[in-house]
Amino acid sequence: MYKNLDDKFSLPGLADEMLDFWAKDDTFNKSVNEKDPKKHFTFYEGPPTANGLPGIHHVIARTVKDIICRYKTMQGYRVNRKAGWDTHGLPVEVEVEKQLGLKSRHDIYEFGAINFNEECKKSIFKYLSQWEILTQKMAYWINLDDAYVTFHNEYIESVWWALKKFFDAGLMVKGFKILPFCPICESPLSSHEVAQGYVDLKDPSVYVTFKIKNEEYKDTEFLVWTTTPWTLPSNVALCVNPTSDYVLINTKKDEKFILSESRLSVVKDEYEIVKRFKGTELEGMEYEPLFSFMEVEKKAYYVTLGDFVTLDDGTGIVHIAPAYGEDDYNIGQKYDLPVLQAVYRDGLFVKAAGKYAGRNFKECDPDLILELKANGRLYKKEMFTHSYPHCWRHKVPLMYYATDSWFVKTTTYKDKMIEMNKQINWNPPEFGSGRFGNWLEENKDWAISRNRFWGTPLPVWYYLDDDGKEVYECVGSIEELKKKSTNFDEVYKDIPFDLHKPYIDNIKLVSENGKEMKRVTEVIDCWFDSGSMPFAQYHYPFENKEWFEENYPADFIAEGVDQTRGWFYSLHAIGTFLFDKPAYKNLIVNGLILDKLGKKMSKSVGNVVNPFDMMDKHGADVLRWYLVGNSPIGKSKNFNEDEMVDVKNKFFDTLINTYKFFVLYSNMIGFDYTASEKVDVNERQEIDRWIISKLNSVKKKYFENLEGYEITKAIRVVHDFTIDELSNWFVRRNRKRFRYPENEADKNSAYQTLFECLREIVKMIAPVSPFIAEKLYCNLLPNEGSVHLSEFTNFDEANIVNELEEQMAMAQEIVYLVRAVRVKNNLKVRQPLRQLLVPVLSEEEKNRLLRVKDIILEEINVKELKILEGDSDIIVKKAKPNFKSIGPKFGKDVKQVQKIILSFDKADISELQKAGKVEKEGFTFTNDDVELFTENIEGWIVESNNAVTIALDTKLDKELADEGFVREFINRVQNYRKNNDFEVNDKISIFVKTNDEINSILSNNTEFIKKEVGCEKMGNKILEGKEYINTDINDVYCEFYIEKI
RNA sequence: GGGUCAGUAGCUCAGUUGGUUAGAGCGCGUGCCUUAUAAGCACGAGGUGGGAGGUUCAAUUCCUCCCUGACCCA
């Protein structure tokens, strides 16, 4: 006996039962440990931070990871799944600041760095339990007990090892760079952080004039455009594009300006062009500064040249403030310009700035503009809106600010990164070639230092040499630290060993030449931590050398598109340099999850989807399927709960009902797959071989797609097969046969076929929807153990028979056409009809049709199929052009040729069929040029589509009408049974009240009716006091009374 | 401002090495079928394939420009 799903069965309710089963069975560990270590598939888990709550976007990435890992497991691979936690960096610090009410850097110092870092450590796993519950509930199999944690000393040591590799190669250096800088954090932000904080800002854009000093252009001014008036006091130069054309103009108001010729549209008044220059001719021209409160030590205030100057907006002349822009800084370097910093790193103007001193840089824009206007230096002012980066937690505009920072010089091996990227299989591919590829092309050195507290300390110590220059050494291991340190034991005398600040700051080293060295104060970008996970998770190279070498690069990783410049990059940048190989071979990138209207989910809007709610309501199986199946994974997804319910109703309910059907009838009729005598597939009925062929075609596509990491395509194939092929055709067509099989062999053939389909579907969906797959598998094969421990590697090519699939497609096509004719002629399917005519064009087609004849006739309730052979006189054949063939052949004449072919008459067509070619109006046509079809059958109502034409005999004779009547009657009785919840095996008596004609029809068919409706007694005795059911059948009045026996 | 992707029915998505009636599901209307089905089937309504050009005998598909949206970057 097979176990059926009980009435209370629900998908959400299944989770606990299955989790319990896996826990007792230790299924996950078995699925890894019982596999051959030699045949491994390496997966890297991108570490989340557990100090924030998990959201729906985490569910999609983890579903993708889980699907591939489970799939590879079933393919026989050993897939180790070590979890990881990202624990350093600003997100953690921010949480702590919020908790403790610390508002600035100063507050943190007051609170004390030791205490602060202790708080950070405590805060890391604030939501760990939520993450664990999510992991469980969504059935994400990962080893949480053995997770790597980025703040552990061993992990940090591995990161140090990597940093030292960079340092020793001269690729980790201290530099002065323009970085986005938050005035409140007083720290540069990583590009990742910047990306989180773009806000639309209304800013002034001003055109200002710079007076030229040269005698020759005494009254002439440079017209310059800027969107950051606050940088003007720090101006030291102007810059023009060397190859562009500039003009000197004289306006109606007698103003003389120099600007780019292609930007003349910004001039307010009429003007005439006085003189033209190439950009290069302007180089070196001096001008008077706008503001004078900053002192300059070097030559400044002249025109420079720069390729970066564009002519898309502004005036083609750019003002240069080297401290506040990257291009500006580079020009400053090139021309040895002084660096003025009228605004300090805290975002406030410096003391020397007079009335601006101590005020925020952005807030001074209006006053600066006023002052420019007062001095006659303002040409015009506009407001414009642009998206400007803000600090994502302090919500203040960032400054681009020149600051000391440590860099990894990734640009030196950029080409290698680009080369290696080509070896990576990106899914979807355009992310790799486009988004990531372009990012690599424009690679910038990686600013890895942070002036913060909670992070991997930069393992660099320094002393000052005789010239006062800093000399650096980098430490690459704890052992090295101990060896070089003079005070290691002292520092860690009373506290446990901890590589973090501030303890590490107290460690003094001795340099190679005997000098005492102090540590630099910075920590590193936490993206360097996570990018080091391939080796740091196993404390390589200090331990697990062999393991690492075997498991690098990863076979597979998956994360959201937001990781392109995050983790995908940090893995790639670190891996390429250290190991000369990409860090991963395949990856799947999932798109963002938006709300159902396509808006970003945000707490303030209140449109955030809670994954726990979704799983509680619909079950993780459905959620997982929906997330990866409903739209391509790489596209952003508008999350819509209603659509998820559709997935449940259509796919899961169909599968479950098919399963229930199998169990119900197996148990009723006494079938057990394992005990039954196997019928070879070739011995089975045509329809069985057909569904087995379909099944194997589906498996083939499933494997192909998953091997290409195409999850969505893979599961859509299974989805369609389950609903269309298996449930709506195979099971429906065979219902009678399952109830009343012809013989033992037929029974086994039918049931074994259905069983095998179910089993294979269950295996195919196991990676995607692991709970329901497990439940059904264990019920179907109670002695086999978990589906997730089963092997699933191949399909049976020999059982794929195209001919079978084609002939069934033809049958379905014909059935479809007949139904259409019936509807148009108001003939219910219940009404039997005499005959169906189908013309065929070849012997092959005829034979194909004969093989599916019975299926067609039964499906459409017609008595006979008459096949009209090609030469039958009553078929009217027509020809239509095959453009694929005639296009290249006739070129420009195609339109004319089309007309000719459409006008082919019977003689033309028969000549073409006989001779293989026909000549007409000077053109020669062959079989390939023409598609023949049956347009009409004389004297019949026809229906046709591209492939087939049918004609249906719609005339009714007495026999047919009677039979139709009987079927109607049976239908009424069955409906009654169903509506009154009769069991299938309940026997009934029927009493009918109707006219004589009907009575005679019914009594002529009593035996048939009895059999169909499970009736033992049927008569027209009139029972008094019973409630008869009124109905009418084909407009004839009829009453009946039914009694359960 | 630059990059990537997308824009196909009311919604979610297929498809197209360029071939002349562009498909499915959901939703809507009508009818039908059913003793596994909160299912299914048929018919119908619903599409200027984002817009404009170009290449071609032929463009939803290739090219150019533009518009809109999402994301990434400045």
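So that the names make sense, note that chain A is the first sequence line, chain B the second, and so on, each numbered from 1.
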Checklist entry - With both distances kept under 3.5 Å, what pairs with B/G53, Watson-Crick or G-U wobble? => result B/C63
Checklist entry - Separation of A/Gln812 atom CD from B/A42 atom C1', in whole Å? => result 15 Å
Checklist outcome for this item: With the side chain defined as heavy atoms from C-beta on, A/Pro632 is closest, among B/C71, B/A36, B/A14, to B/A14
Checklist entry - Pick the nucleotide of RNA chain B nearest each of A/Asn638 and A/Leu664; which residue has the one closer to the 5' end? => result A/Asn638
Checklist outcome for this item: Checking B/C33, B/A36, B/C26 against the side chain of A/Asp646 (C-beta onward), the nearest is B/C26
Checklist outcome for this item: A/Asn728 CG to B/A24 P, in whole Å, measures 15 Å
Item to check | Closest listed nucleotide, where the reference is the side chain of A/Tyr665 and the choices are B/U35, B/U34, B/A14 | outcome: B/U35
Checklist entry - When the P atoms of B/C5 and B/C26 are considered, how many whole Å apart are they? => result 33 Å
Checklist entry - What does B/U35 pair with, Watson-Crick or G-U, if both distances are under 3.5 Å? => result none
Checklist entry - Which nucleotide sits closest to the side chain of A/Val829: B/A36, B/C32, B/C11? => result B/C32
Item to check | Separation of the P atoms in B/G7 and B/U61, to the nearest angstrom | outcome: 12 Å
Next on the checklist: At less than 4.0 Å, is any side-chain N or O atom of A/Arg819 found next to OP1 or OP2 of B/C32? Yes or no.
Outcome noted: no
Next on the checklist: Side chain of A/Lys648, heavy atoms from C-beta onward: which of B/C11, B/C13, B/A38 has the nearest atom to it?
Outcome noted: B/A38
Next on the checklist: Check this for me: does any side-chain nitrogen of one of A/Glu858 and A/Lys736 sit under 4.0 Å from a carboxylate oxygen of the other?
Outcome noted: no
Next on the checklist: Any strand counts, and the cut-off is 3.5 Å on both contacts for Watson-Crick or G-U wobble. Which nucleotide pairs with B/A42?
Outcome noted: B/U30
Checklist entry - What distance, rounded to whole Å, do you find between the two C1' atoms, one in B/C72 and one in B/C11? => result 28 Å
Checklist entry - So does A/Thr654 get a side-chain nitrogen or oxygen closer than 4.0 Å to the phosphate oxygens (OP1/OP2) of B/U37? => result no
Checklist entry - With respect to the side chain of A/Glu968, which nucleotide from B/A14, B/C33, B/U34 is positioned closest? => result B/C33
Checklist entry - What distance, rounded to whole Å, do you find between the two P atoms, one in B/C33 and one in B/C43? => result 16 Å
Next on the checklist: Checking the side chain of A/Thr712 only, and the main-chain atoms of A/Val628 only, is there a donor and an acceptor separated by less than 3.5 Å?
Outcome noted: yes
Item to check | Donor-acceptor under 3.5 Å (A/His572 side chain, A/Met417 main chain) | outcome: yes
Checklist outcome for this item: Between CH2 of A/Trp729 and P of B/A39 the distance, given in whole Å, is 21 Å
Item to check | Touch class at under 4.0 angstrom, heavy-atom based, for A/Glu643 against every strand present | outcome: sugar-phosphate
Item to check | Selected nucleotide, minimal atom distance to A/Leu592 side chain, candidates B/A6, B/C11, B/C71 | outcome: B/C71
Next on the checklist: Give me the atom names and distance for the closest heavy-atom approach of A/Cys757 to A/Ile691.
Outcome noted: SG-CG1, 3.8 Å
Item to check | Watson-Crick/G-U partner (both atom distances under 3.5 Å) of B/C71 | outcome: B/G3
Item to check | Side chains of A/Asn590 and A/Leu627 in contact at under 4.5 Å (non-hydrogen atoms) | outcome: no
Checklist entry - Does B/C33 have OP1 or OP2 sitting under 4.0 Å from an N or O in the side chain of A/Arg830? => result yes
Checklist entry - Who does B/G25 pair with, Watson-Crick or G-U, both distances under 3.5 Å? => result B/C11
Checklist entry - Which value, in whole Å, describes the distance between the P atoms of nucleotides B/U4 and B/G19? => result 27 Å
Item to check | Separation between CZ of A/Phe662 and CG of A/Leu776, rounded to the nearest 0.5 Å | outcome: 11.5 Å
Next on the checklist: Under the rule for ring-ring contact (aromatic ring centres under 6.0 Å, His included), what residues qualify as partners of A/Phe721, not counting sequence neighbours?
Outcome noted: none
Item to check | A/Arg732 bridged to A/Glu859 by N-O distance under 4.0 Å | outcome: yes
Checklist outcome for this item: Atom CD of A/Glu710 and atom C1' of B/A14 are separated, to the nearest Å, by 14 Å
Checklist entry - Looking only at atom C1', what distance separates B/C67 and B/G51, rounded to whole Å? => result 7 Å
Item to check | Positive for side-chain contact (heavy atoms from CB on, under 4.5 Å) with A/Phe639, one of A/Val609, A/Ile60, A/Leu594 | outcome: A/Val609
Next on the checklist: Base, sugar-phosphate or nothing for A/Val663? Non-hydrogen atoms, less than 4.0 Å.
Outcome noted: nothing
Next on the checklist: Please classify the nucleic acid contact of A/Asp642 as base, sugar-phosphate, or nothing, using heavy-atom distances under 4.0 Å.
Outcome noted: nothing
Next on the checklist: In whole Å, I'd like the distance from the NZ atom of A/Lys880 to the C1' atom of B/G19.
Outcome noted: 12 Å
Checklist entry - Between A/Tyr816 and B/C43, is there a side-chain N or O to OP1/OP2 distance below 4.0 Å? => result yes
Checklist entry - Mind checking who B/A58 pairs with, Watson-Crick or G-U wobble, both distances under 3.5 Å? => result none
Checklist entry - Base, sugar-phosphate alone, or nothing: which one does A/Arg822 contact when heavy atoms must sit under 4.0 Å apart? => result nothing
Checklist entry - If you measure from the C1' atom in B/U8 to the same atom in B/G23, how many Å do you get, rounded? => result 10 Å
Next on the checklist: Nearest whole Å is fine: how far is B/U34 C1' from A/Asn971 CG?
Outcome noted: 9 Å
Next on the checklist: I want to check one thing: is the phosphate of B/C13, taken as OP1 and OP2, less than 4.0 Å away from some side-chain N or O of A/Asn630?
Outcome noted: no
Checklist entry - Taking atom types as they are modelled, is there a donor-acceptor pair under 3.5 Å from the base of B/A6 to the side chain of A/Ser636? => result no
Checklist entry - Reckon A/Ser631 touches a base, only the sugar-phosphate, or nothing at all at heavy-atom distances under 4.0 Å? => result sugar-phosphate
Next on the checklist: Distance check, C1' atoms only: B/G54 and B/A59, in whole angstrom units.
Outcome noted: 11 Å
Checklist outcome for this item: Here the distance between atom P of B/C73 and atom OH of A/Tyr569, to the nearest Å, is 13 Å
Item to check | Any A/Lys650 side-chain nitrogen or oxygen under 4.0 Å from OP1 or OP2 of B/G25 | outcome: no
Checklist outcome for this item: Rounded to whole Å, the CG-C1' distance (A/Asp720 to B/A24) equals 8 Å
